[in-house]
2 protein chains.
Amino acid sequence: MFSFSEENYLKAIFHLERKYQAGVSTNALAEEMETKASSVTDMIKKLSEKELVIYKKYQGVKLSELGKKTAIEVIRKHRLWEYFLVEKLNFNWDEVHDVAEQLEHIKSEKLTRELDEFLGFPKRDPHGDPIPDAEGNFSVANKVLLSELGKTEKGICVGVKDSSSDFLRFLDKNNISLGKKIKVLEKEAFDGSMLILIEERQLRISQLISNNLYIKTQ
Amino acid sequence: MFSFSEENYLKAIFHLERKYQAGVSTNALAEEMETKASSVTDMIKKLSEKELVIYKKYQGVKLSELGKKTAIEVIRKHRLWEYFLVEKLNFNWDEVHDVAEQLEHIKSEKLTRELDEFLGFPKRDPHGDPIPDAEGNFSVANKVLLSELGKTEKGICVGVKDSSSDFLRFLDKNNISLGKKIKVLEKEAFDGSMLILIEERQLRISQLISNNLYIKTQ
DNA sequence: AAATATATTTAGATAAGACTAAAAATAGGT
DNA sequence: ACCTATTTTTAGTCTTATCTAAATATATTT
Ligand SMILES: [Mn+2]
Ligand SMILES: [Mn+2]
Ligand SMILES: [Mn+2]
Ligand SMILES: [Mn+2]
């Protein structure tokens with residue numbers, strides 16, 4: 001149906017639309033795709049021809065309904081494969097992204113459907129991100145960044161914002177993983193660092209860390 | 001490492017080398033790849049530059065050691081994925097080939113290794129073809145075509161030569177599957193058709209069928 | 001051995017996706 | 001409102017993989 005490159009652009013636009021509802025700028029997309037603005041303009045024109053995006057010169061792009069549907073399908077596959085790699089093939093959560101970037105482009109509805117079933121219709125990928133179902137529906141959890149919590153507030157660690165290997169391995173090393181209870185004991189106004197309680201253990205973390213950990217409070 | 005297209009050419013050359021040990025001709029390769037001879041020449045030159053094949057103008061191609069190793073890796077992945085699809089994801093043996101054609105190009109040594117382990121190091125794919133191990137070794141079974149058997153000879157059905165959907169569904173419909181015992185009851189000299197005994201059942205099959213079924217005798 | 005047929009390679013073109021450099025449009029500051 | 005900085009688009013080039021048409025080499029007949 002669509003090329004790898006087209007699918008990757010759609011995915012990138014989908015993710016950037018959160019931040020730029022008015023339309024995703026060429027430069028933002030160029031940065032996300034690690035390419036040049038001129039290449040982005042070329043591709044946007046092509047996607048526009050194919051009615052995957054709505055585009056007016058100098059005004060940025062938005063996904064059309066078809067574009068959004070396609071992007072969600074790719075994201076669904078990406079996250080299902082990440083789940084598969086961790087749950088069935090002994091991958092660590094920091095090793096799955098690059099392989100999933102390849103697997104997400106495999107074209108077979110039956111494969112996606114059967115994989116989903118084989119995995120027991122998982123709701124979240126290894127990084128806490130929601131896995132869209134076959135109809136493209138997914139629940140956006142009411143999560144906040146740990147850095148937004150104040151002293152004495154608590155919740156459960158439910159996701160990571162940064163899913164780079166470096167960050168994930170840091171979390172592993174410090175025994176921070178999804179599902180664990182976290183309570184803010186102290187918050188340093190000066191540098192934004194925190195003293196947290198995680199499973200009976202006290203830990204001091206920098207703002208860079210708390211800015212990349214999602215917490216579900218309630 | 002190598003492009004999808006390069007990998008597909010290597011695989012095709014590998015398979016054709018059985019038949020054309022002296023060197024695979026441009027035309028044979030063009031037919032196998034469903035492309036034009038001129039395109040084949042272009043690609044062969046590129047593969048030759050990369051030392052994946054040995055090529056002299058007008059003399060056909062052979063795989064180099066590196067080319068052979070690469071081809072076997074792709075075939076290993078293809079067959080492992082086919083096994084996965086049938087054993088874990090409820091695919092029928094006639095549905096797996098096209099998806100495996102995509103999956104065979106995923107680059108991740110860990111993925112291949114872990115998939116192999118997850119599947120229990122299978123030795124044969126759903127069509128009876130051997131699955132190379134991580135070192136590229138695989139056993140070539142001593143099988144013959146059913147059409148080569150004479151009256152009263154018997155053996156076990158161990159593979160298919162043609163693995164088209166049409167042929168495989170024909171076998172399904174007639175309850176012929178790998179592992180079943182087959183005995184030749186009659187052989188018609190005129191049209192090459194056979195009367196066979198398969199699991200207490202008598203069945204008349206044309207030469208086209210017996211020419212595409214592998215049997216292990218002993 | 002020459003003529004003819006077939007196989008293979010070369011030449012030139014195309015499409016996708018990327019790039020650099022330059023031009024044009026938009027946004028901000030005074 | 002104008003000047004400047006930034007963003008975006010255009011123009012032209014490159015690489016990969018394909019194609020058609022034409023040229024050349026090899027194989028087969030006579
Ligand atoms: Mn990922
Ligand atoms: Mn993820
Ligand atoms: Mn196959
Ligand atoms: Mn097979």
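Atom pair Y58(A):OH and dT6(D):P shows a separation of 17 Å (rounding to whole Å applied). Atom pair E49(B):CD and dT15(D):P shows a separation of 13 Å (rounding to whole Å applied). In this structure, the CG atom of D42(B) is 9 Å from the C1' atom of dT9(C), given to the nearest Å. Separating the CG atom of L47(B) from the P atom of dT18(D) is a distance of 11 Å, rounded to the nearest angstrom. Here the P atom of nucleotide dA16(C) and the CE atom of M43(A) are 10 Å apart, to the nearest Å. The nearest whole Å value for the distance from the CD1 atom in I44(B) to the C1' atom in dA7(C) is 12 Å.
Using a cut-off of 4.0 Å between Lys/Arg side-chain N and Asp/Glu carboxylate O, K107(A) and E7(A) are scored as salt-bridged.
Of the residues in residues 25-41 of chain A, those placing a heavy atom less than 4.0 Å from an atom of DNA chain C are T35(A), K36(A), S38(A), S39(A), in numerical order. If you check residues 7-16 of chain B against DNA chain D, the residues with a heavy atom closer than 4.0 Å are Y9(B), listed by number.
Position along DNA chain C of the nearest nucleotide to Q59(A) versus K57(B) favours K57(B) as the more 5'-ward residue.
In this structure, D116(B) and P122(B) have side chains that are in contact, with non-hydrogen atoms separated by less than 4.5 Å.
With values rounded to the nearest 0.5 angstrom, I205(A) atom CD1 is found 6.5 Å from I182(A) atom CD1.
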Mind listing the side-chain donor-acceptor pairs of residues 129-140 of chain B below 3.5 Å, one per line with the distance, residues two or more places apart or on another chain?
from	atom 1	to	atom 2	distance (Å)
D133(B)	OD1	E135(B)	N	2.8
D133(B)	OD1	G136(B)	N	3.0
D133(B)	OD1	N137(B)	N	3.0

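At dT9(D), one or more side-chain N or O atoms of Y55(A) fall inside 4.0 Å of OP1 or OP2 (strictly under the cut-off).
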Determine, stepwise, if the pair F2(A) / L52(A) fulfils side-chain contact (heavy atoms from CB on, under 4.5 Å). CA-CA 10 Å; F2(A) 303 113; L52(A) 290 162; 3.7 Å; yes
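Using a 4.0 Å heavy-atom criterion, one finds that K56(B) contacts no nucleic acid atom at all.
Other residues, nucleotides and ligands contribute over 12 non-hydrogen atoms within 6.0 Å of the CD atom of E148(B). Heavy-atom neighbours of E51(B) CD from other residues, nucleotides or ligands within 6.0 Å: at or below the threshold of 12.
A ring-ring contact (aromatic ring centres under 6.0 Å, His included) with H78(A) is found for one member of H97(A), H127(A), H15(A), H105(A) and no other, namely H97(A).
Ring planes of F167(A) and F170(A): parallel class, angle under 30° (limits at 30 and 60°).
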